[in-house]
Colleague: 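Sharing a structure, written as structure tokens. Questions coming.
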There are 2 protein chains.
Amino acid sequence: MKSAEKGADWLSGSVRAAAVERRLKPGQALFHAGGKTSGFYEVVSGTVRMVRVDRSGREAVLQVASAGDTLAEASLFSPAYHCDAVAATEAVVRLYPKSALLAALEHDPATAKAFAARLARQVMTLRTRLERRNIHSARDRVRHYLTINAGADGATVVLPGTLKDLAADLGLTHEALYRTLARMAAEGEITRAGTVIKLKRAG
Amino acid sequence: MKSAEKGADWLSGSVRAAAVERRLKPGQALFHAGGKTSGFYEVVSGTVRMVRVDRSGREAVLQVASAGDTLAEASLFSPAYHCDAVAATEAVVRLYPKSALLAALEHDPATAKAFAARLARQVMTLRTRLERRNIHSARDRVRHYLTINAGADGATVVLPGTLKDLAADLGLTHEALYRTLARMAAEGEITRAGTVIKLKRAG
DNA sequence: TTTGTCCTATGATCTGGATCATAGGCCAGC
DNA sequence: GCTGGCCTATGATCCAGATCATAGGACAAA
């Protein structure tokens, strides 16, 4: 593969070829609210925070993007950014220029379809994650996660990261998650070997 | 069923013209996991629940769609549904046939762009709502909401629904929200007249 | 007018998860 | 081998928000 063709494999080669990488120091801004949009970004490494600041100086975090995440997709369809993006750590981002992607959307139906498909899938998983946060009990939240992420056998879940990562994803402290998993295992609802969890029959 | 050109104004006329309405009784299924996908839906009235059931019979809700919401967008890019959709109440839904939308994506760049734009905006707001749920304190959650939803003056928020609706959106009980708003008003952080809230200078 | 429903509101109590503290295991780098 | 950092794990305590209860007001239907 050509070096230029790294990153998001759901984008067509021409769009990926137009991508530009940029290195950021902690605290350095990627763009500011009101600035002219130049495209959307993919985080290669580090983390970037999107922040909205109101007149009274209060800040509100809209998103924290880590390696692999994309950000500011909506800016493709708007002339100006509507929030600030600031590197929270040393970070590398890849810019996919607006013009390249919009041109692809116009002239290349396959790319348009792939782009829409990715966004639709993101909407789906975000809705699911949000729905999970409506569950109060830690145990039911874990059940929800396991049920939805069970593999082809409908019972086995291989965690994509550490238990701490999962705890953050579930909106629990890691302590609460450890305890919950321990209890579920003790009561026979699951069996566990490291980050591989198997759901057992209910009842 | 009449296919008047109502509903989703972000879709081209030709797609809207192809829409089909369907009326559901409580408990009636809209589609089942594994079934061939026929398109995506918009809820006209009532509420529809998307549910995933695992081998052991456990259920997990993926989404609860109410009037105005859309569902199963991702099914456009997949041959089979991956969950069940069941009406939770008497409901009316509008089906946008897969073929019509996919054809539009291929041949009509404007529609493709509008569709992608809508999805991108949804991704953005969902990410923001999810981020908000990471905030533990009720007060900070309300602040986050107000800051992000402040109008052009950066201070005034007109709620789109009732306080109960807002409480649900924030992931709080209505009692907790009432108390939090009362305290914020008492301490001069906000002023409130019904569902119109004004942010005051930060303390 | 009366009844019923729903939103708003606030008091009293309870609890599950957050927080704080401690410790063992594992691995990378020195 | 030793050290430091991080993940895993569990105990003790605390507290914000959930839950339960009660009540006034707005509004629609009967």
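Only a predicted model underlies this, so the values are computations on that prediction, with no experimental measurement involved. Residue numbers begin at 1 in each chain, while the letters A, B, ... track the order of the sequences.
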Colleague: So if I take every side-chain heavy atom of A/Leu163 and compare against C/dC7, D/dG17, D/dT8, which nucleotide ends up nearest?
Modeller: D/dT8

Colleague: Just the rounded figure in Å: distance from C1' of D/dC15 to CZ of B/Arg139.
Modeller: 17 Å

Colleague: Would you mind classifying the nucleic acid contact of A/Gly171 as base, sugar-phosphate or nothing, using non-hydrogen atoms under 4.0 angstrom?
Modeller: sugar-phosphate

Colleague: Between A/Arg49 and A/Glu59, is there a salt bridge with N-O shorter than 4.0 Å?
Modeller: no

Colleague: Determine: side-chain N/O of B/Tyr178 to OP1/OP2 of C/dT8, distance under 4.0 Å, yes or no.
Modeller: yes

Colleague: Would you say A/Thr173 places a side-chain N or O within less than 4.0 Å of OP1 or OP2 belonging to C/dG17?
Modeller: no

Colleague: How many whole angstroms separate atom CG of B/Asp140 from atom P of D/dA16?
Modeller: 12 Å

Colleague: Do B/Arg179 and D/dT19 have a side chain to base donor-acceptor pair shorter than 3.5 Å?
Modeller: yes

Colleague: Picking from C/dG17, D/dT10, D/dG17, which would you name as closest to the side chain of A/Glu175?
Modeller: D/dT10

Colleague: May I have the distance from B/Leu177 (atom CG) to D/dT19 (atom P), rounded to whole angstrom?
Modeller: 15 Å

Colleague: Going by heavy atoms in the side chains, are B/Leu95 and B/Glu42 under 4.5 Å from each other?
Modeller: no

Colleague: Measure from CG on B/Asp165 to P on C/dC6 and round the result to the nearest Å.
Modeller: 13 Å

Colleague: Can a side-chain donor-acceptor contact be found between A/Lys98 and A/Ser38 if the only test is distance below 3.5 angstrom?
Modeller: no

Colleague: Does a side-chain N or O of B/Arg192 approach OP1 or OP2 of C/dA9 to a distance below 4.0 Å, or not?
Modeller: yes

Colleague: Tell me the interatomic distance from A/Met184, atom CE, to D/dA9, atom P, rounded to whole angstroms.
Modeller: 14 Å

Colleague: What is the distance, rounded to the nearest whole Å, between atom CZ of B/Arg183 and atom P of C/dA9?
Modeller: 14 Å

Colleague: Do the side chains of A/Lys200 and A/Thr191 get nearer than 4.5 Å, heavy atoms only?
Modeller: yes

Colleague: Please determine, for the side chain of A/Ala176, which listed nucleotide (C/dG17, D/dT8, C/dA9) has the closest atom?
Modeller: C/dG17

Colleague: For a quick test of your reading: what N or O donor-acceptor pairs under 3.5 Å do the side chains of residues 142-152 of chain A make, sequence neighbours left out?
Modeller:
residue  : atom : partner  : partner atom : Å
A/Arg143 : NE   : A/Glu189 : OE2          : 2.4
A/Arg143 : NH1  : A/Asp140 : OD1          : 2.4
A/Arg143 : NH2  : A/Glu189 : OE1          : 3.1
A/His144 : ND1  : A/Arg132 : NE           : 3.0
A/His144 : NE2  : B/Val61  : O            : 2.7
A/Thr147 : OG1  : A/Arg143 : O            : 2.8

Colleague: Hydrogens and angles aside, do A/Asp69 and A/Ser66 bring a side-chain donor and acceptor to less than 3.5 Å of each other?
Modeller: no

Colleague: Give a yes or no on whether a salt bridge exists between A/Glu73 and B/Arg127, defined as a side-chain N under 4.0 angstrom from a carboxylate O.
Modeller: yes

Colleague: Using the side-chain heavy atoms of B/Leu172, tell me which of these nucleotides is nearest: D/dA18, D/dT10, D/dC7.
Modeller: D/dA18

Colleague: Starting from C1' on C/dG25, measure out to NE2 on A/His174 and report it in whole angstrom.
Modeller: 16 Å

Colleague: Let me check the geometry of the helix from C/dT1-D/dA30 to C/dC30-D/dG1. What is the bend angle between the axes at its two ends, five pairs each, to 10°?
Modeller: 40°

Colleague: Whether the side chain of A/Arg141 and the base of C/dG17 hold a donor-acceptor pair under 3.5 Å is what I'd like checked.
Modeller: no

Colleague: If you measure from the Lys or Arg side-chain nitrogens to the Asp or Glu carboxylate oxygens, is any gap between A/Lys164 and A/Glu175 under 4.0 Å?
Modeller: no

Colleague: I want to verify a distance call: between C/dT8, D/dA18, D/dT8, whose nearest atom is closest to the A/His136 side chain?
Modeller: D/dA18

